[in-house]
Amino acid sequence: MDRKQMYIEAAKKRLHGNENLRDKMRGCKFDTIAVHGLYSMKEALDFNQGSIVEPIYLTTSQVYRDADEMELALEYKIPSWIYTRISNPNTYYLEAVLSLLEEYKSGVTASCYVTSSGMSAIRTVIDEFLHYDRKVDGKPFNFVAPSQIYGGTYQLFSERKVKESNIEWRKVAEASNIQEWESLIDENTRFLYGEIPSNPVLSFFDIEKVARLAHSHGVPLIIDSTVATPALLRPLALGADIVVHSATKALTSSGFGTSGAIVARHNISAKSDNEEMKRDFCNYLKRLPGRDYGANLSPLQAVLTINDIRTLRMKIDVMSKNAMKVSQYLESHRNIEKVHYLGLENHKYHDIAKRFMFLVDSEFDDQYRKPINRYGYLLSFEVVGGWKNARTVFDNLSMIWRAADLGKVKSVATLPTISTHSQQGKDARMKGAIPDNLIRLSVGTEHADDIISDLERALAVLD
Ligand SMILES: *Cc1c(COP(=O)(O)O)cnc(C)c1O
């Protein structure tokens, strides 16, 4: 056997081992997958000097035995990480665990590609469908997405795509109205996009129906699932083609740095003759456009995120229960006009969220023994007396952190008007249902009593 053949045989064996492990992990419960991912004892002993956690590969590049091995690696014919901009053992372990969690018990096969931030993940995905200089019948490409989305995504869409690149964003005014989505689609539509639940107003729509609509027009449905995380919602199981995450948020609940993730089913729907791209979207992005764009995640950051994911489900359960208690407390408060939380029955999207948002595996949890609805950690509230009073309450928080962040084990409050949603201007904020007296609160894992006491003190200042 020549050397090249030998390397290929060894690679096949390794890939086969990975696939067996992946199949074995698919049979495990969510928490087990979150803890182990594809980092097994065999992986530790064969490749990592027996280390029981993933060692951090803070290195740029991989060494090869000879020209044959190098050539095969660079042609992507053997598994190899080559160079950290392209791949790295740590990003591989993170991609492995996230793809397993997003496809959990769905029968869907998924791959993942992790990036330096949520925004780079979103940009990398949408650019794949919006090759700028192409038009059909002289008309620009368009995409359809509700206006209730994260402020950064709003800017990416309205500034970078609409203004700078002549792409049309057809805005859905009411995300839950499927007819409205449908009326906006035409032959130049490249994808449908939505955030579930949306940040900060928690709008919601029936993913299954929107996915069917996308597929009937031959385009993908892309879902930003940052706020839900796979502990509460797995859009691929409901028909979405691609999920994007700001892994900066609840997936890295410690707050140790930024990261992003793209998870896609194999064989996505898309108006493209690029069969390789459609077959395995994430591996394609990683190997080709991702390699050229260079939005790769640092190996150190990948390990920090992996470490937080291990306990994702239990943290999301505690954060959700706390958020429910806090929103019930705020609802009856004299200095509050309105509380927006999906778990409250009076929330516009409560009924639809109730159909989709469950704590994964609660039926196997001795505390619950049945499917349990959980509505996440994000809520917002409107302070009586408008903008000035909202600022006063915000300034008087003493434990809850004033910061533009969410999904952390520490409770964090934000004024969307001057932070996450400031650049888009008042008109757009009104369309996105973000009034000036709104405070967004991301509830952490502190004891609920202490979170409530802090809010009580801050709200009492208005009396
Ligand atoms: C924060 C956030 C993003 C952007 O992610 P970064 O990691 O900050 O780049 C995208 N979508 C949602 C819903 C977010 O909350």
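All ligand and atom numbering here is 1-based and tracks the order in the structure.
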**Student:** Starting from atom 15 (O) of ligand 1, locate the nearest protein heavy atom and write down its residue, its atom name and how far away it is, to 0.1 Å.
**Tutor:** Lys249 NZ, 2.8 Å
**Student:** Using a strict 4.0 Å cut-off to heavy atoms of Asp224, name the atoms of ligand 1 that fall inside it.
**Tutor:**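 Matching atoms, with element in brackets: 10 (C), 11 (N), 12 (C), 13 (C).
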**Student:** Charged N to carboxylate O under 4.0 angstrom, Glu182 versus Lys209?
**Tutor:** no
**Student:** Please indicate whether any nitrogen or oxygen in Gly118 is less than 3.5 Å from any nitrogen or oxygen in ligand 1.
**Tutor:** yes
**Student:** Would you check if Val443 and Ile451 make a side-chain contact, meaning some heavy-atom pair closer than 4.5 Å?
**Tutor:** yes
**Student:** How far is atom 7 (O) of ligand 1 from its nearest protein heavy atom, and which residue and atom name does that atom have?
**Tutor:** Thr248 OG1, 2.6 Å
**Student:** Are the side chains of Val53 and Tyr93 in contact, using a 4.5 Å heavy-atom criterion?
**Tutor:** no
**Student:** Under 4.0 Å from a heavy atom of Glu195: give me the atoms of ligand 1 that qualify, with their elements.
**Tutor:**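 Counting atoms of ligand 1 from 1, those under 4.0 Å from Glu195 are 13 (C).
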**Student:** With a 4.0 Å cut-off on N to O distance, would you call Asp454 and Arg457 a salt bridge?
**Tutor:** yes
**Student:** Should Thr153 be counted as touching ligand 1, given the test is an N or O pair under 3.5 Å?
**Tutor:** no
**Student:** Have a look at ligand 1 and work out which part of Asn199, if any, has a heavy atom under 4.0 Å from it: side chain, backbone, both or neither.
**Tutor:** side chain
**Student:** What protein heavy atom sits nearest atom 4 (C) of ligand 1, and how far off is it?
**Tutor:**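 Answer for atom 4 (C) of ligand 1: Tyr150 CE2, 3.4 Å.
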**Student:** Applying the ring-ring contact (aromatic ring centres under 6.0 Å, His included) criterion to Phe143, which one of Phe129, Trp181, Phe157 satisfies it?
**Tutor:**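 For Phe143, the ring-ring contact (aromatic ring centres under 6.0 Å, His included) check succeeds only for Phe157.
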**Student:** Output yes when Asp31 and Arg313 qualify as a salt bridge under the 4.0 Å nitrogen-oxygen rule, no when they do not.
**Tutor:** yes
**Student:** Determine whether Leu441 and Tyr341 make a side-chain contact, defined as any pair of heavy atoms from C-beta on separated by less than 4.5 Å.
**Tutor:** no
**Student:** Using a plain distance cutoff, I'd like to know if Met119 has any nitrogen or oxygen under 3.5 Å from a nitrogen or oxygen of ligand 1.
**Tutor:**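 In this structure, Met119 places an N or O atom under 3.5 Å from an N or O of ligand 1.
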